[in-house]
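When a residue number appears, it is its place in the shown sequence, counting from 1.
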Amino acid sequence: QVQLVESGGGLVQAGGSLRLSCAASGRTVNKYTMGWFRQAPGKEREFVAAITWSDSSTYYADSVNGRFTISRYNDKKTEYLQMNSEKPEETAVYYCAADHSVHTIVRRNLAEYWGQGTQVTVSS
């Protein structure tokens, strides 16, 4: 069993920065791919970024590539999402996720484990 707890959400002005954190617990969580998704009101959940456990390869949605950075530390049990140059349309609930398969997260928009979500609001 894996538990994921996000933190760091809040209000930021357009063009500003915010860093989200996700603390993972569980015996083998450090062998999971971890990722971030977001869901805006009235929209479908979308993939944002992922990082593998084996070699820390990173994957990003085209919309955030170059502005967001995903990383993981603490024996790979904590992941971060550094968000820069935020846009108002990126207002959403951001979810931490974990799965054995990077393909599941990046291509199928799914994951085995989810956090409770943290609200990010970008004001214009």
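Contact between Ala49 and Tyr60 at its shortest, heavy atoms only, is CB-CD2, 3.7 Å. The shortest non-hydrogen separation linking Leu20 to Thr118 is CD2-CG2, 4.0 Å. In this structure, Leu4 and Ala24 approach most closely via the heavy-atom pair CD2-CB, 3.5 Å. For the residue pair Pro88 and Ser124, the shortest heavy atom distance occurs at CG-CB, 3.8 Å. Nearest heavy atom pair, residue Glu79 against residue Cys96, reads OE2-SG, 3.0 Å.
The salt bridge (Lys or Arg N to Asp or Glu O under 4.0 Å) test applied to Glu90 returns Arg38, Arg67, not counting sequence neighbours. A search for ring-ring contact (aromatic ring centres under 6.0 Å, His included) contacts involving His100 returns Tyr32, not counting sequence neighbours.
If you take OG on Ser63 and NZ on Lys87, they are separated by 7.5 Å, rounding to the nearest 0.5 Å. How far CG of Asn84 is from OG1 of Thr69: 6.5 Å, rounded to the nearest 0.5 Å. Once rounded to the nearest 0.5 Å, the distance linking CD1 of Ile51 with OG of Ser57 reads 8.5 Å.
Of the N and O atoms on the side chains of Ser25 and Gln3, at least one donor lies less than 3.5 Å from an acceptor on the other residue.
At a threshold of 4.5 Å between non-hydrogen side-chain atoms, the residues Met34 and Arg72 count as touching. Leu110 is listed as a side-chain neighbour of Arg45, based on a closest heavy-atom distance under 4.5 Å. No side-chain heavy atom of Ser17 sits under 4.5 Å from any side-chain heavy atom of Glu86. A 4.5 Å side-chain heavy-atom check between Gln119 and Thr121 finds at least one atom pair inside the cut-off. Ser123 has its side chain out of reach of Val12: every pair of non-hydrogen atoms, C-beta onward, lies at least 4.5 Å apart.
The salt bridge (Lys or Arg N to Asp or Glu O under 4.0 Å) contacts involving residues 100-120 comprise nothing, where partners must be two or more places apart or lie in separate chains. Listed by first and then second residue, the ring pair (Phe, Tyr, Trp, His ring centres under 6.0 Å) pairs that reach into residues 67-94 are Tyr73-Tyr80, sequence neighbours excluded. Within the structure, the ring pair (Phe, Tyr, Trp, His ring centres under 6.0 Å) test picks out no pair touching residues 4-30 (sequence neighbours left out).
Of the possible polar contacts, one joining the Ser101 side chain to the Thr104 backbone as a donor-acceptor pair under 3.5 Å is found. Between the Glu6 side chain and the Gln116 main chain, a donor and an acceptor come within less than 3.5 Å of each other. For Thr78 (side chain) and Ala23 (main-chain N/O), no donor-acceptor pair under 3.5 Å exists by modelled atom type.
At most 12 non-hydrogen atoms from other residues, nucleotides or ligands lie less than 6.0 angstrom from CG of Asp75.
Through side-chain heavy atoms spaced under 4.5 Å, either directly or across other Ile, Leu, Val, Met, Phe, Trp or Tyr residues, Tyr95 is tied to Phe37, Phe47, Tyr59, Val93, Val102, Ile105, Val106, Trp114.
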